[in-house]
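Hydrogens, waters and symmetry mates play no part in the numbers below; they use all other heavy atoms, side chains included.
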Amino acid sequence: MPNLANLRHQHCWECRRRRVVCDGQQPVCNKCRTAGIVCPGYADKKPLQWLAPGQVMSRPKKRKGQGRLPPLRLQVSCPSPKRQAPLTPPEFQKRHRNHPATPPITPTLRPEMFDIIEAMLYYNARIYPDLQSHQLGPSQFVFPMLTVEDIPLSILHTLVSVTINHRIMQMSDCCPEIDLVKPILQRFYHHRGITIRAIHELLDAEETRRGLEAVVSVYAFLFAFLQQSMTPSWRTHVDGFMTLLEFHGGFLEIIDRCDQMRPSLVGLMITAVLANTTSPPDNQFQVADTVTTLRLTEDYYTEVYFPPMSCPTPLFIKLILINELRAREPSHPKTKQAALGILGQIELFSPENWTSNLEKSVFASREEFLVIGRVFHASVALYCILSLVSTGALKSTREVEVLRAKYAQALFSILETGMTTPRARKRMTWPLIVAGVEAARAGADVQKYIGRCLVDMARDQGISPPLVAKRLLERFWVGGRERKWDDCWDGAYAFIM
């Protein structure tokens, strides 16, 4: 007799809800595909579902003689000694009545407060636990949302749009034409629009333009845009952010003297270094000159500082130097000499020695750090060869080609381990891109594997950049095996988030 428990799990959650026979196809069943429904899969636990505006799953039955239900009251719990009163829709409307982006609450329009509370619950239930479980060490970027009462509108609606985008990206089929996705996308753009208008108000007035709220709001929007955008237009926002910092003394003044803003600005510096690797040599962004950036790295950078990026410090320093060489005149004798010197120093790096010298972490094991060290060692070495050969700073000699083959093989071999090691997996986007450029020589099987991994990364992290990288690499692969690193980038791309 067949096992009834096994038969039960052959039906996806949607078919079980509709009480129809599921064909059990993986990853999505044909019944859901035919009906144009996003298949929720076959997991043991029923997945969370975002409802369209006005949609409900059930309605309570009224007893005889019962009038209308009492007004809905939602309360956000906060571990504060002072207990706050429940926040009702009319009170929320009254609090923000002067904000032009907040529409009136009508029976036909889902109140914005519902989106805000739902986003906070989703973040605390799905995003925060996932980030926390994959940390290599304590980070100021990972924390739960305990209250929304004191968060400015410009930041609050950015957070809402981030959670909505995360939910869309984690769907099994995130095509915007699917009916289930359309209302969610409408809410996403609605909250992004509120954010943009709120930031415009902050920047329009002299008093608020010079305040910390404006700086933090633009920074939050910038990194949300990096997570959500499918285009390389992020540089427009970061240029505006750097201009805004000038009202407070400039980037260097703030990062050295303002403890409150330092973590965010170090994150921006790390983003700039990684973004310059996937941008044309003549279109790079720097928060400071190379010497100052190296000093900031020595002072503030650690492998556990910025969640998506854990490049060992010695290799991160080499990335800064490689980016500088890419922007130099390649025919200069000192450029070629410097390129060979950097490549030699990368070869001397030992992941084993680096791992043994790290302080013991209560978050990750030595084995997990060793996997990360090996992945980034091969990735940085391969990036050095591919990018500097592309600009002409490094000649494609027989010795260089031997090293290229060596590190390509090492990277392809260790990537599978990195993708299956939980705390290393979150940090694989940039190594996958480096491997993807080299995959133009490796053949269709490696290319398909890189593409699948990038799709998994986009869904796992709930962000768009891995999908952008996949699209660029597929276009790059069509050009053949002789194409070079700089042929892949038609603009300034940032894939760190």
Side-chain angles (χ1 to χ4, degrees), residues 269-270 272-303 309-358 370 372-411 414 430-431 433-435 437-438 441 484-489:
M269 180 191 74
I270 296 171
V273 172
L274 267 293
N276 286 339
T277 66
T278 52
S279 300
D282 59 351
N283 189 15
Q284 297 197 2
F285 165 71
Q286 290 185 311
V287 296
D289 60 75
T290 301
V291 173
T292 305
T293 304
L294 291 172
R295 192 267 297 175
L296 294 175
T297 301
E298 293 286 352
D299 290 345
Y300 304 125
Y301 178 87
T302 70
E303 290 79 2
M309 179 61 186
S310 298
C311 181
T313 302
L315 296 177
F316 187 78
I317 290 173
K318 299 303 180 293
L319 287 179
I320 298 172
L321 297 176
I322 294 169
N323 290 340
E324 184 194 31
L325 285 184
R326 290 181 65 218
R328 279 191 196 176
E329 173 57 46
S331 60
H332 196 284
K334 289 187 177 181
T335 301
K336 299 180 183 298
Q337 184 179 358
L340 290 172
I342 293 174
L343 182 57
Q345 292 170 4
I346 294 172
E347 283 193 86
L348 294 176
F349 175 80
S350 169
E352 291 76 15
N353 292 341
W354 170 72
T355 303
S356 63
N357 291 330
L358 289 174
L370 184 58
I372 292 172
R374 288 172 175 170
V375 168
F376 276 96
H377 182 212
S379 301
V380 173
L382 195 54
Y383 165 67
C384 178
I385 296 171
L386 294 175
S387 64
L388 295 183
V389 167
S390 179
T391 62
L394 200 61
K395 292 294 184 182
S396 182
T397 62
R398 182 178 181 279
E399 291 78 7
V400 169
E401 288 301 315
V402 168
L403 287 175
R404 174 177 179 171
K406 169 188 171 181
Y407 287 113
Q409 183 60 42
L411 182 56
I414 195 64
W430 188 78
I433 293 171
V434 176
V437 175
E438 179 63 20
R441 287 188 171 191
K484 297 181 178 180
W485 178 270
D486 291 329
D487 296 329
C488 193
W489 322 115

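Remark: the backbone N or O of Pro351 is paired with a side-chain donor or acceptor of Thr355 at under 3.5 angstrom. Between the side chain of Gln286 and the backbone N or O of Ala272 there is no donor-acceptor pair closer than 3.5 Å. Between the side chain of Asn283 and the backbone N or O of Ser279, no donor-acceptor pair lies under 3.5 Å.
Here Glu347 pairs with Leu403, Lys406, Tyr407 under the side chain to side chain contact (heavy atoms under 4.5 Å, CB included) rule; sequence neighbours left out. Taking the side chain to side chain donor-acceptor pair (under 3.5 Å) definition, one finds that Ser396 meets it with Glu401, sequence neighbours left out. Asn276 is linked by a side chain to side chain donor-acceptor pair (under 3.5 Å) to nothing, counting only residues two or more places apart in sequence or in another chain. Looking at residues two or more places apart in sequence or on another chain, you find a salt bridge (charged side-chain N to carboxylate O under 4.0 Å, His left out) between Arg295 and Asp256, Asp299.
Remark: Cys311 SG to Leu274 CG distance equals 7.5 Å, nearest 0.5 Å. Between the CZ atom of Arg404 and the OG1 atom of Thr397 there is a distance of 12.0 Å, given to the nearest 0.5 Å. With rounding to the nearest 0.5 angstrom, the CD1 atom of Ile342 is 7.0 Å from the CG atom of Leu388. To the nearest 0.5 Å, atoms OH (Tyr300) and CD1 (Ile270) are separated by 13.0 Å. Note: Phe376 CZ to Leu319 CG = 9.0 Å, rounded to the nearest 0.5 Å. Rounding to the nearest 0.5 Å gives a distance of 3.5 Å between OG1 of Thr297 and CD1 of Ile320.
Summarising the geometry of Trp485 relative to Thr277, their closest heavy-atom pair is NE1-O, 2.9 Å, with the distance given to 0.1 Å. Phe349 approaches Pro312 most closely through the heavy-atom pair CZ-CB, 3.8 Å. Of all non-hydrogen atoms in Thr391 and Arg326, the two that sit nearest each other are CG2-O, 4.0 Å. Residues Pro281 and Asp486 come closest through the heavy atom pair CG-OD2, 3.4 Å. The two residues Ile385 and Leu394 come nearest to each other via the heavy atoms CA-CD2, 4.2 Å. Residues Lys336 and Pro330 come closest through the heavy atom pair NZ-O, 3.5 Å.
Listed by first then second residue, pairs satisfying ring pair (Phe, Tyr, Trp, His ring centres under 6.0 Å) with a partner in residues 315-336 read Tyr301-Phe316, not counting sequence neighbours. The salt bridge (Lys or Arg N to Asp or Glu O under 4.0 Å) contacts involving residues 372-389 comprise Glu352-Arg374, where partners must be two or more places apart or lie in separate chains.
A 4.5 Å side-chain heavy-atom check between Val437 and Leu382 finds every atom pair outside the cut-off. By the 4.5 Å heavy-atom criterion applied to side chains, Lys395 and Val400 are not counted as neighbours.
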Let's go through Glu438 and Leu411 carefully: what are the C-alpha distance in whole Å and the side-chain angles of both, what is the deciding distance for side-chain contact (heavy atoms from CB on, under 4.5 Å) to 0.1 Å, and is it a yes or a no? CA-CA 10 Å; Glu438 179 63 20; Leu411 182 56; over 6 Å; no
Show your working on side-chain contact (heavy atoms from CB on, under 4.5 Å) between Val402 and Glu399 and close with a plain yes or no. CA-CA 5 Å; Val402 168; Glu399 291 78 7; 5.7 Å; no
Go through the steps to decide whether Glu303 and Ile372 satisfy the test side-chain contact (heavy atoms from CB on, under 4.5 Å), and finish with yes or no. CA-CA 10 Å; Glu303 290 79 2; Ile372 292 172; over 6 Å; no
What do the steps show when you test Thr278 against Tyr383 for side-chain contact (heavy atoms from CB on, under 4.5 Å), and what is the final call? CA-CA 10 Å; Thr278 52; Tyr383 165 67; over 6 Å; no
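Within a 6.0 Å radius of NZ in Lys484, other residues, nucleotides and ligands contribute 12 heavy atoms or fewer.
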